[in-house]
**Q** 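After the structure tokens below, expect a handful of questions from me.
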Amino acid sequence: MKTIKMISMSLLLGLFMTLSANVRAQDPVKVAPNAYKKVILENDQVRVMQVEIAPMDSVPWHSHPDHIVYALTDGKLEITDKGKAPMVAEFKAGDAMYMVATTHMAKNIGDATVKLIVTELKTIKTKN
């Protein structure tokens with residue numbers, strides 16, 4: 001009986017870890033094509049995306065590596081990082097922000113469509 005409990009707990013923990021990894025690995029282009037309108041450039045070093053989030057629209061849970069966000073318009077987003085309380089980010093057109101790798105969701109709580117350019121940094125392999 002004790003062995004069965006240990007196996008059950010191990011399977012449950014393994015399932016939880018698999019599901020957690022899947023949440024972290026969600027590609028924003030795949031989970032939010034309504035917001036991530038276009039991949040402008042992609043190569044082995046960066047992925048640059050055009051993002052538009054209409055008022056009251058949400059972007060579901062997704063992940064980014066380290067990335068830069070450039071605001072094309074003024075905006076107000078409620079951003080919820082995994083495991084943290086929601087925060088409000090207000091920005092002006094022309095603002096640029098560096099953000100570390102994250103899993104989060106976002107909602108446009110402003111009155112206008114938020115337009116951004118998001119540049120994800122890929123791991124650069126160095127030659128030995």
Side-chain angles (χ1 to χ4, degrees):
M1 186 70 163
K2 193 174 188 180
T3 304
I4 293 172
K5 276 187 175 180
M6 289 179 66
I7 291 171
S8 296
M9 289 300 290
S10 295
L11 289 173
L12 184 60
L13 181 59
L15 177 61
F16 176 74
M17 297 295 282
T18 301
L19 292 174
S20 295
N22 287 338
V23 169
R24 271 196 309 277
Q26 294 298 315
D27 183 346
V29 173
K30 292 179 182 173
V31 299
N34 60 316
Y36 283 77
K37 301 289 187 187
K38 180 179 179 183
V39 175
I40 299 168
L41 169 70
E42 183 164 15
N43 59 33
D44 60 343
Q45 296 179 357
V46 297
R47 177 167 68 162
V48 182
M49 298 164 285
Q50 176 186 338
V51 181
E52 295 181 11
I53 308 169
M56 302 313 292
D57 272 2
S58 294
V59 178
W61 289 107
H62 62 281
S63 297
H64 296 281
D66 292 351
H67 58 290
I68 297 100
V69 178
Y70 180 78
L72 298 172
T73 61
D74 294 356
K76 190 176 193 179
L77 295 175
E78 180 181 79
I79 300 171
T80 306
D81 284 339
K82 191 85 173 150
K84 297 184 180 176
M87 61 165 260
V88 175
E90 292 188 58
F91 43 88
K92 300 285 182 196
D95 285 352
M97 298 150 274
Y98 174 80
M99 301 180 79
V100 297
T102 188
T103 296
H104 63 192
M105 59 186 285
K107 181 177 183 177
N108 181 347
I109 58 173
D111 297 328
T113 297
V114 170
K115 295 182 181 183
L116 308 166
I117 299 295
V118 175
T119 302
E120 294 179 335
L121 305 174
K122 295 184 179 181
T123 303
I124 300 171
K125 296 176 183 166
T126 57
K127 295 179 183 178
N128 292 332

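The analysis underlying the following values was restricted to heavy atoms, covering all of them including side chains, and did not include hydrogens, waters or symmetry mates. Everything numeric here is computed off the predicted structure, so don't read it as measured data.
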**Q** Test side chain to side chain contact (heavy atoms under 4.5 Å, CB included) on Q26 and W61 and set out the steps.
**A** CA-CA 7 Å; Q26 294 298 315; W61 289 107; 5.6 Å; no
**Q** Output yes when a side-chain donor or acceptor of D66 lies under 3.5 Å from a complementary backbone atom of V100, and no otherwise.
**A**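 Side chain of D66 to backbone of V100: no pair is present.
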**Q** Can you tell me how far CG of L72 sits from OG1 of T113, rounded to the nearest 0.5 angstrom?
**A**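 Going from the OG1 atom of T113 to the CG atom of L72 covers 12.0 Å.
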**Q** Looking at CE of M105 and CG of D81, how far apart are the two atoms once the value is rounded to the nearest 0.5 Å?
**A**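 M105 atom CE to D81 atom CG measures 11.0 Å (nearest 0.5 Å).
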**Q** Is there a path of hydrophobic side-chain contacts, each under 4.5 Å between heavy atoms, that joins L121 and V118?
**A**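 No, L121 and V118 fall in different hydrophobic clusters.
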**Q** Which heavy atom of A35 sits nearest a heavy atom of V59, and at what distance?
**A**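 Scanning both residues completely, I find the closest heavy atoms to be CB-CG2, 3.8 Å.
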**Q** Specify the closest pair of heavy atoms between K76 and V114, including all atoms of both residues, with the distance to one decimal.
**A**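 Of all heavy-atom pairs spanning K76 and V114, the closest is N-CG2, 4.1 Å.
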**Q** For V31 and P60, work out which heavy atoms get closest and say how close.
**A**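 Nearest pair, atom of V31 first, then P60: O-CG, 3.5 Å.
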**Q** Given side chain to side chain contact (heavy atoms under 4.5 Å, CB included), test F91 with L77 step by step and report yes or no.
**A** CA-CA 9 Å; F91 43 88; L77 295 175; 4.0 Å; yes
**Q** Taking everything shown except K37 itself, do over 12 heavy atoms lie less than 6.0 Å from its NZ?
**A**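 For K37, atom NZ is crowded (more than 12 foreign heavy atoms under 6.0 Å).
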**Q** Rounded to the nearest 0.5 Å, what separation is found between the CD atom of E90 and the CD1 atom of I109?
**A**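 Here the interatomic distance stands at 7.5 Å.
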**Q** Does N43, at its CG atom, have more than 12 non-hydrogen atoms belonging to other residues, nucleotides or ligands within less than 6.0 Å?
**A**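 Atom CG in N43 is crowded, with more than 12 foreign heavy atoms closer than 6.0 Å.
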**Q** Please round to the nearest 0.5 Å and tell me the distance separating atom CZ of R47 and atom CG of L41.
**A**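 Output value for this atom pair is 11.5 Å.
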**Q** Is it true that E78 and K107 have a side-chain N and a carboxylate O under 4.0 angstrom from each other?
**A**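 Looking at E78 and K107, the cut-off is not met.
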**Q** Of the non-hydrogen atoms in D111 and P55, which two are nearest, and what is the gap between them?
**A**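 So the two residues come closest at O-CG, 3.4 Å.
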**Q** Taking all non-hydrogen atoms of both residues into account, name the closest pair between P33 and K30 and its distance.
**A**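 The answer is CD-O, 3.5 Å.
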**Q** Consider only side-chain heavy atoms of I, L, V, M, F, W and Y, link residues closer than 4.5 Å, and tell whether Y70 and M97 are in one cluster.
**A**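 No.
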**Q** Can you measure from CD1 (I53) to OG1 (T73) and round to the nearest 0.5 angstrom?
**A**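 Going from CD1 on I53 over to OG1 on T73, the span is 9.5 Å.
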**Q** Would you give the length of the straight line joining atom NE2 of H104 to atom NZ of K82, rounded to the nearest 0.5 angstrom?
**A**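 If we round to the nearest 0.5 Å, H104:NE2 and K82:NZ are 12.5 Å apart.
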**Q** Would you say the side-chain atoms of H64 pair up with the backbone N or O of H62, donor to acceptor, closer than 3.5 Å?
**A**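 Such a contact is absent between H64 side chain and H62 backbone.
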